[in-house]
There are 2 protein chains.
Amino acid sequence: MRLTTKGRYAVTAMLDLALHSDHGPVSLSDISTRQEISLSYLEQLFSKLRKQALVTSVRGPGGGYRLSRSHNEIFVAQIVDAVNESVDATGCKGRSDCQSGSTCLTHHLWCDLSDQIHDFLSQISLEQLVMRNDVRQVAERQNFEVQLGCSEKDKISAAMVD
Amino acid sequence: MRLTTKGRYAVTAMLDLALHSDHGPVSLSDISTRQEISLSYLEQLFSKLRKQALVTSVRGPGGGYRLSRSHNEIFVAQIVDAVNESVDATGCKGRSDCQSGSTCLTHHLWCDLSDQIHDFLSQISLEQLVMRNDVRQVAERQNFEVQLGCSEKDKISAAMVD
DNA sequence: TATTTACCCGACTATTTTAGTAGGTTATTA
DNA sequence: TAATAACCTACTAAAATAGTCGGGTAAATA
């Protein structure tokens, strides 16, 4: 099972895209600023997301990325799958050759777990995430911080220490 | 989320312990042979399992490890927790400081997922695993292989290629 | 058409984690 | 006291993660 910042970043970035999709394509540098993810790293992730047809790109000034389909047709599992190879909990990628060619003692348990995780993440769409209160609150805070800019933000942080 | 061979090995070893618990303590070298896990690595894992009071040890000849309580009172989640720090899917270990001190956009989603996984693995006891058909079959094969010994096993493998 | 914006791509790198080694010490039993 | 097996510390190779860097290429605007 592999679920690290790579998968988390991808979902976060896609959710950012969904949240800001009403004014044309969203540039990676915008996402980078709002979500504090390195631009080059985002480029790598979006290359994979594009190949899996989860986003479409628009080049040139004013360009960026757009979700390739409706918010309720994109699920978290698809995003994680696109950047990680899989959300597989087995060590043998389901091939049952975990113990020198044969099945290991706990193979079926990890298969069950993989299914469980996959089912859970397959049921959560971007639409659902956008509607959540906790997501809306964080998004609002992020928009506010970006408006302030870094220097102003630092001043406030410094002021709050006093 | 961290579920790698470390956690898988630990559960496999504990299940092996449960399967062979009827003739006194089980030595790590036995587990090492049956499950093909390096002895030194097993020692590291059992050090943690012992500290979490999941097993008790018996030193000296004929010694080994015993499960510290009944098979239906030890759950997979406890084993994985003992060797990994946690089955946490968040990047901030639940502290909500994922985005430079504040909560990141997808924090709550990963909390939900962590709960989901933990609940699932908390419901599976060693007892249940021991009863499963797939587990019994693999265990039987392993006992047979150990009886043959390595050299005999290689001969059979070689014969099967012809 | 020049310039800017932003996607696109491959190679490289520091850090961390995993998985495993090596070499010893302590306790128990035969 | 010899053998066995737990116990402990430190080290290490390999892999994965989380980036960086340096160049492209395509499209829009001025």
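Being a predicted model, the structure only gives us computed values, none of them experimental. Every chain is numbered from 1, with letters handed out A, B, ... down the list of sequences.
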- Message: Between B/Arg50 and D/dC7, is there a contact of a side-chain N or O with OP1 or OP2 at under 4.0 Å?
- Response: yes
- For B/Tyr65, report the nucleic acid contact type (base, sugar-phosphate, nothing); a contact means any heavy atom under 4.0 Å. sugar-phosphate
- Item | Qualifying residues under side-chain hydrogen bond (donor to acceptor under 3.5 Å, both in side chains), relative to A/Gln78, sequence neighbours excluded | A/Arg69
N/O-N/O pairs, protein side and nucleotides 12-14 of chain D side, under 3.5 Å:
none

- Pairs touching residues 43-76 of chain B that satisfy ring-ring contact (aromatic ring centres under 6.0 Å, His included), sequence neighbours left out: B/Phe46-B/Tyr65
- Message: Using whole Å, what does the distance between atom P of nucleotide D/dA18 and atom CG of A/Leu42 come to?
- Response: 13 Å
- How does protein reach along nucleotides 21-30 of chain C, written 5' to 3' as B (base within reach of a heavy atom under 4.0 Å), S (only sugar-phosphate), or - (no contact)? B----BBBB-
- Query: ring-ring contact (aromatic ring centres under 6.0 Å, His included): which pairs involve residues 90-109 of chain A, sequence neighbours left out?
  - Reply: none
- Atom CD of B/Glu73 with >12 non-hydrogen neighbours under 6.0 angstrom: yes
- Which residues share a salt bridge (Lys or Arg N to Asp or Glu O under 4.0 Å) with A/Asp119, sequence neighbours left out: none
- Item | Listed partners of B/Asn143 passing side-chain hydrogen bond (donor to acceptor under 3.5 Å, both in side chains), at least two apart | B/His20
- Can a side chain N or O of B/Arg8 be found less than 4.0 Å away from OP1 or OP2 on C/dT18? no
- Contact list for residues 121-136 of chain A, test salt bridge (Lys or Arg N to Asp or Glu O under 4.0 Å), sequence neighbours left out: A/Arg132-A/Asp134, A/Arg132-B/Asp112
- Residues from residues 19-34 of chain B sitting under 4.0 Å of DNA chain C, heavy atoms only? none
- Note on the structure: Taken in chain and number order and not counting sequence neighbours, the residues that satisfy salt bridge (Lys or Arg N to Asp or Glu O under 4.0 Å) with B/Asp30 are none
- Message: Does C/dG20 have OP1 or OP2 under 4.0 Å away from a side-chain N or O of B/Tyr9?
- Response: yes
- In whole angstroms, the gap separating P of D/dA18 from CD of A/Gln35 amounts to 16 Å
- Taking salt bridge (Lys or Arg N to Asp or Glu O under 4.0 Å) as the test, write out the residues that go with A/Arg50, two or more places apart. none
- Task: May I ask you to verify if any side-chain N or O of B/Ser57 is less than 4.0 angstrom from the OP1 or OP2 atom of D/dA5?
- Result: no
- Message: Show me the pairs that pass salt bridge (Lys or Arg N to Asp or Glu O under 4.0 Å) and involve residues 19-28 of chain B, at least two apart or across chains.
- Response: none
- Could you tell me the separation between the CZ atom of A/Phe46 and the P atom of C/dC9, rounded to a whole number of Å? 15 Å
- Would you mind reading off the distance between A/Leu45 atom CG and D/dT20 atom P, rounded to a whole angstrom? 12 Å
- Note on the structure: Minimal heavy-atom distance between B/Asp81 and B/His118, with the atoms involved, is OD2-NE2, 2.8 Å
